[in-house]
Amino acid sequence: SDKCPVQTWAMGVRTYAFQHHPEVTRETIAHWADQADLLEQAGLTRSQLDEQTGQYFEDFERWTTRLFESIALFCVPLHRRYRGVVKDLHH
């Protein structure tokens, strides 16, 4: 956003930060939408938020699933991945 142009960053190999909320579900968005002050701060109407959620959520969900899978694979040592601890991930 204009208020925070950097939404994700990394420092070194194992330090990552997320300003956005990759864990968000449609239910979370609906809950936030029930709070008029949050919509006002975002400069959105409820109908605009609903429209944008319908338009973009499927891609958002696919990208965040890949993000979480990548983090999980990165954090699990290679020798453990092939002992059945982490199953094959399909994209």
Side-chain angles (χ1 to χ4, degrees):
S1 73
D2 292 337
K3 293 180 182 177
C4 186
V6 177
Q7 294 289 312
T8 302
W9 57 268
M11 181 180 288
V13 178
R14 300 205 187 275
T15 303
Y16 300 89
F18 301 96
Q19 176 62 30
H20 57 90
H21 291 275
E23 79 285 359
V24 165
T25 64
R26 288 180 186 270
E27 292 77 20
T28 305
I29 294 170
H31 174 73
W32 287 345
D34 290 337
Q35 300 176 47
D37 59 323
L38 291 178
L39 283 175
E40 186 177 323
Q41 288 175 19
L44 291 170
T45 65
R46 176 67 187 251
S47 62
Q48 288 172 317
L49 180 63
D50 291 343
E51 181 181 328
Q52 289 181 19
T53 300
Q55 183 177 358
Y56 299 114
F57 192 81
E58 188 175 308
D59 287 337
F60 169 81
E61 189 171 44
R62 186 179 75 252
W63 295 332
T64 57
T65 296
R66 290 181 73 180
L67 171 67
F68 293 143
E69 289 173 350
S70 295
I71 290 169
L73 287 171
F74 183 73
C75 291
V76 175
L78 186 61
H79 72 280
R80 292 185 62 199
R81 290 187 207 167
Y82 298 103
R83 288 193 313 190
V85 175
V86 174
K87 304 292 182 195
D88 290 336
L89 300 174
H90 302 282
H91 300 280

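The structure displayed is predicted, hence computed values, not measured ones. Position 1 is the first residue of the sequence; numbering continues from there.
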Return all side-chain donor-acceptor pairs below 3.5 angstrom for residues 15-24, not counting sequence neighbours, or 'none' if the list is empty.
| unit_1 | atom_1 | unit_2 | atom_2 | d |
| --- | --- | --- | --- | --- |
| Tyr16 | OH | Val13 | O | 2.8 |
| His20 | NE2 | Thr8 | OG1 | 2.7 |
| His21 | ND1 | Glu23 | OE2 | 2.9 |

Donor-acceptor contacts under 3.5 Å from residues 26-35 side chains, at least two apart:
| unit_1 | atom_1 | unit_2 | atom_2 | d |
| --- | --- | --- | --- | --- |
| Glu27 | OE1 | Thr25 | OG1 | 3.3 |
| Thr28 | OG1 | Thr25 | OG1 | 3.0 |
| His31 | NE2 | Gln35 | NE2 | 3.2 |
| Asp34 | OD1 | Arg46 | NH1 | 2.9 |

Please set out all donor-acceptor pairs under 3.5 angstrom arising from side-chain atoms of residues 51-63, sequence neighbours excluded.
| unit_1 | atom_1 | unit_2 | atom_2 | d |
| --- | --- | --- | --- | --- |
| Thr53 | OG1 | Leu49 | O | 2.8 |
| Asp59 | OD1 | Arg62 | NH1 | 2.9 |

